[in-house]
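Here the structure is a predicted model, which means the values were calculated and not measured.
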Amino acid sequence: MATGLIGELHGPETGVGGARPFEIISARGVSGSSLTDYRNSQNLAGISFSEHRSGPVGGSSLRIDPSATGNLTAINIYGLAEMNRQLRAN
């Protein structure tokens with residue numbers, strides 16, 4: 001449930017209701033490639049991201065190594081900050 005904080009917001013999607021619940025962060029108007037590049041640049045130990053697209057909704061999916069020492073709260077904060085930056089620029 002690494003994206004649970006984001007799931008409480010109106011707008012972003014977290015994969016709930018699909019095949020990969022809590023493994024995706026995406027929203028309409030977001031560049032999946034830019035979001036994914038930014039999130040990977042944070043170098044969160046044991047956590048990696050790949051681009052996700054579902055129609056007009058762009059974002060990134062995450063993979064967490066079971067022994068990850070990365071900060072799971074940071075997944076939410078960094079993701080929201082970059083989504084906000086992108087959506088304000090549009």
If you look at every heavy atom in [X] and [Y], which pair is closest and at what distance?
| X | Y | answer |
| --- | --- | --- |
| Thr36 | Ser60 | OG1-CB, 2.9 Å |
| Tyr78 | Tyr38 | O-CE2, 3.5 Å |
| Ile25 | Met83 | CD1-SD, 3.3 Å |
| Ala27 | Pro12 | CB-CA, 4.2 Å |
| Phe22 | Leu62 | O-CD2, 4.2 Å |

## Note on the structure
Here the salt bridge (Lys or Arg N to Asp or Glu O under 4.0 Å) pairs for residues 74-87, sequence neighbours left out, are Glu82-Arg85

### Query
Taking only residues at least two apart or on different chains, which pairs with a member in residues 40-49 satisfy salt bridge (Lys or Arg N to Asp or Glu O under 4.0 Å)?
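Qualifying pairs: none.
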
### Query
Given side chains that start at C-beta, do those of Thr73 and Ile75 come closer than 4.5 Å, heavy atoms only?
no

Show me the donor-acceptor pairs, under 3.5 Å and distance only, between side chains in residues 44-58 and residues at least two apart or in other chains.
| unit_1 | atom_1 | unit_2 | atom_2 | d |
| --- | --- | --- | --- | --- |
| Ser50 | OG | Ser61 | OG | 2.9 |
| Glu51 | OE2 | Ser33 | N | 3.4 |
| Arg53 | NH1 | Gly55 | O | 3.0 |

### Query
Listed by chain and number, what are the salt bridge (Lys or Arg N to Asp or Glu O under 4.0 Å) partners of Arg20, not counting sequence neighbours?
Glu23

### Query
In Å, rounded to the nearest 0.5 Å, how long is the span from CG of Asn84 to CZ of Arg88?
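Separation between the atoms: 5.0 Å.
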
### Message
I'd like to check the side chain to side chain donor-acceptor pair (under 3.5 Å) partners of Ser34; sequence neighbours left out, ordered by chain and number.
### Response
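Result, side chain to side chain donor-acceptor pair (under 3.5 Å) vs Ser34: Ser31.
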
### Qualifying residues under side chain to side chain donor-acceptor pair (under 3.5 Å), relative to Asp65, sequence neighbours excluded
Ser67

